There are 2 protein chains.
Amino acid sequence: MHSLSDDIFSTLLESILSDQIAAGERLPSERELAKRFSTNRNTLREALQRLEHLALIGIRHGQGITVQDYRKTARFDCIAPFLVHAQRPEERFRMIEDLLRVRSRILEMCVELAASRASEEDIQRIAELIDAQLVHHQDNDRDALMRTEIAMIDAIVDASHSLMARWLANTLLDVYNDFSPHTAEMWVADESFPSYLASLRKAIAEHDAGTAASITRSYYQSIDATIIRVLEELLHSATLEA
Amino acid sequence: MHSLSDDIFSTLLESILSDQIAAGERLPSERELAKRFSTNRNTLREALQRLEHLALIGIRHGQGITVQDYRKTARFDCIAPFLVHAQRPEERFRMIEDLLRVRSRILEMCVELAASRASEEDIQRIAELIDAQLVHHQDNDRDALMRTEIAMIDAIVDASHSLMARWLANTLLDVYNDFSPHTAEMWVADESFPSYLASLRKAIAEHDAGTAASITRSYYQSIDATIIRVLEELLHSATLEA
DNA sequence: CTTGACAAATTGGTTGAACCAATGCAGCAT
DNA sequence: ATGCTGCATTGGTTCAACCAATTTGTCAAG
C-alpha cells in the first residue's frame, strides 16, 4: 500500500504543510534530494511530480524546485493532508469551521438533487438506511450509526444522479477517511435527529426538493453550531496549555 | 509547457474520458505502452501515475493496469478535463447544470464569509472592482467586464480569509480556464446586474453577511436559469443534428 | 567602467537496461 | 479433484548516461 516514493512524498508533504519549509524557498536539486532520501532520481521524481500536481512545489527545467505558497496556490484536494499536518491550532480550527459550511451546502445540494431525480429504487434504499439509522439511534449504537449515516449519504449522492455530486462527495469522503481518527468528537447528533430523518425520508419520497433542501440546511446549521462550540473549547484549552 | 509525459497523459486521459476505453478494461503492460508511445518506461510511468492519482486507472504490482469507472471513482478535480473530453451531449449538459449549482452555492458562501471577515482594505478593493464593473457594463465592454468580474471574485475570496474558500475557488478557476473557450455564451448578465453589484458593495461594507449571501443567492438563481435555458437550446439543436 | 556575448556549470527531462518483488497461472504430484 | 510448486508476466526500483533549459561567470569590445 505504501511504496518508497509514497514515503518520500509524505515526508516532503509534511515538511511543507507544517511550514518547516517556507514558501519561496528553494529545494536541493533532484540529484541531491535523491541522495538524502537514499534513493534514485526516478523514484524521487515520482514524489516530486505529486507535490507539483498538488501545487505545493514548482519544478522548472534548468532552474530547480521551489516551494510554493500553498495557502494561495493549493486546490480543494489539499484539505485532507492539510488537516493532518497543519500546525497552528487556530488555522486548523478555521479550516474545520469553513469545511463544515461547505459540507452542509454540498449536502443540501445533493439532497435537493436526490429529491428531484431519485428513482423508486433510490427512494427505497434511502428509506431503508434511514430506518436503520433510527434503530441504531434508539439502541445508542454509535459505531453502527456512523457507518449507516455514511451509507445513507452515499445513497443520496447516488440518487442525485450527478457526476458532480459524486465527485465532490468522493473528495469530501477522502477528508473524512484521512481525518477520521480525529473526528470522533465531531460526530454529534442533535435531539432533532430522528424527526429530521423522518422528514427527509418523506420529502425525498414525495420528490419535494425544496423541503428536503431546507430541512437539511437548518438541521446542519444546528449541528455545525454544536460542533463549533465543542471545537472552540478544545482550541481554548489547547491555547492555554501552550 | 508540455513535456512528453504530459502528451501521453493527455492522450490517455482523452481515451478514458471519451469512453474509448471501457471501465474495467485492462491496459497493455508498461513495457508495451512505452513501445506504443515511442518512449521509455520511466517517462510513461509519470503519465500513468497522474492518471492513477486522478482515480482514472488502477495500477497493481504484478497484476497490471485497469481502467476504473471514473463516473464513480473520480474526484472534484476531474471536472475540467471531463468537460473538455466528454462525448455525450446530455452528460455534458447535466454536468454544467450541476456545476452552476455548485458555483452559486460556493460563491454565496464566499460572499457571506467575506462580508463577516473583510478588512477595510478588502472592502476598499472590492468596492473599486465593483465600480470598475459598473463602468464596463455601461460601456458595453464585454471583455473588460469578464476580466474584472473574475478579479472581483478573487478579491472576495481573499477577503473571506479562508484557505477553504481559496482552494475551492482555485479548483473552480481551473475549470473556467480550461473550459473558457466554450464559456463565452455562458457569460450572461441579467438586467439586475448593476443593482445587484451596488447592493453587494453595501452589504459587504456594512458587514451584513446575511444580506450579502441572500442577494448573491437570488442573483445567481436568476443568472443560472438563463444560462441553462441557453444551453438547453444548444443541446436541442445538437440532438437534432445527430 | 559598463555592456554584451559566449562558454561553463547547474538543473530538470529522457532514455535504456538491468534487477527486485508481487501476482497469476500452468503443470505436476498427491 | 486438490493443492503445491515453479515459471512467466507485470509493476517497483536502481543505475548511468545523455539531452535541453536556465543561470552564472568570464572576457572582450565599447
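The structure displayed is predicted, hence computed values, not measured ones. So you know, we letter chains A, B, ... as the sequences are listed, proteins then strands, and number each from 1. Only this structure's heavy atoms are used, side chains among them; waters, hydrogens and symmetry mates stay out.
Atom C1' of nucleotide D:dT13 and atom CG of A:Asp6 are separated by 13 Å, given to the nearest angstrom. As a whole-Å value, the separation of B:Glu30 CD from C:dG16 C1' is 15 Å. Note: CD1 (B:Ile59) to P (D:dG11) measures 8 Å, nearest angstrom. Spacing between atom CD1 of B:Ile65 and atom P of C:dT23 amounts to 16 Å, rounded to whole angstrom units. For the pair A:Phe9 CZ and D:dT13 P, the interatomic distance rounds to 15 Å; values are reported in whole Å. Atom CZ in B:Phe37 sits about 13 Å away from atom P in C:dT15, given to the nearest Å. In this structure, CG of B:Asn40 is placed 6 Å from P of C:dG16, rounded to the nearest angstrom. In this structure, the NE2 atom of A:His2 is 15 Å from the P atom of C:dA21, given to the nearest Å.
Here A:Thr39 reaches the OP1 or OP2 of D:dT14: one of its side-chain N or O atoms lies under 4.0 Å away.
In summary, A:Arg117 and A:Asp122 do not engage in a salt bridge, as defined by a charged side-chain N under 4.0 Å from a carboxylate O. For B:Glu97 and B:Arg101, the salt-bridge test passes: some basic side-chain N is under 4.0 Å from an acidic carboxylate O. A salt bridge does not link A:Asp98 to B:Arg166: none of the charged nitrogens lies less than 4.0 Å from a carboxylate oxygen. Salt bridge absent: A:Asp158 and B:Lys72 never bring a charged side-chain N and a carboxylate O closer than 4.0 Å.
Although no hydrogens or angles enter the test, the distance criterion places no donor-acceptor pair under 3.5 Å between the side chain of A:Arg41 and the main chain of A:Arg31. Side chain of A:Thr43 to main chain of A:Asn40: no donor-acceptor pair is present (N/O by atom type, distance under 3.5 Å, no hydrogens or angles).
Contact annotation: the side chain of A:Phe76 never approaches that of B:Asp77 to less than 4.5 Å [non-hydrogen atoms, C-beta and beyond]. For the pair B:Leu51/B:Ile65, no side-chain contact is recorded, criterion being any heavy-atom separation below 4.5 Å from C-beta on.
Ring geometry for B:Phe82 against A:Trp167 counts as perpendicular: the plane angle is over 60°, on a 0 to 90° scale with 30° as the lower cut.
Contacts between residues 41-51 of chain A and DNA chain D, defined by a heavy-atom separation under 4.0 Å, are made by A:Arg41, A:Asn42, A:Thr43.
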Within the sub-3.5 Å range, which N or O atoms of nucleotides 19-21 of chain D have a protein N or O partner, and how far apart are they?
{"residue": "D:dA20", "atom": "N3", "partner": "A:His61", "partner atom": "NE2", "Å": "2.8"}
{"residue": "D:dA21", "atom": "O4'", "partner": "A:His61", "partner atom": "ND1", "Å": "3.4"}

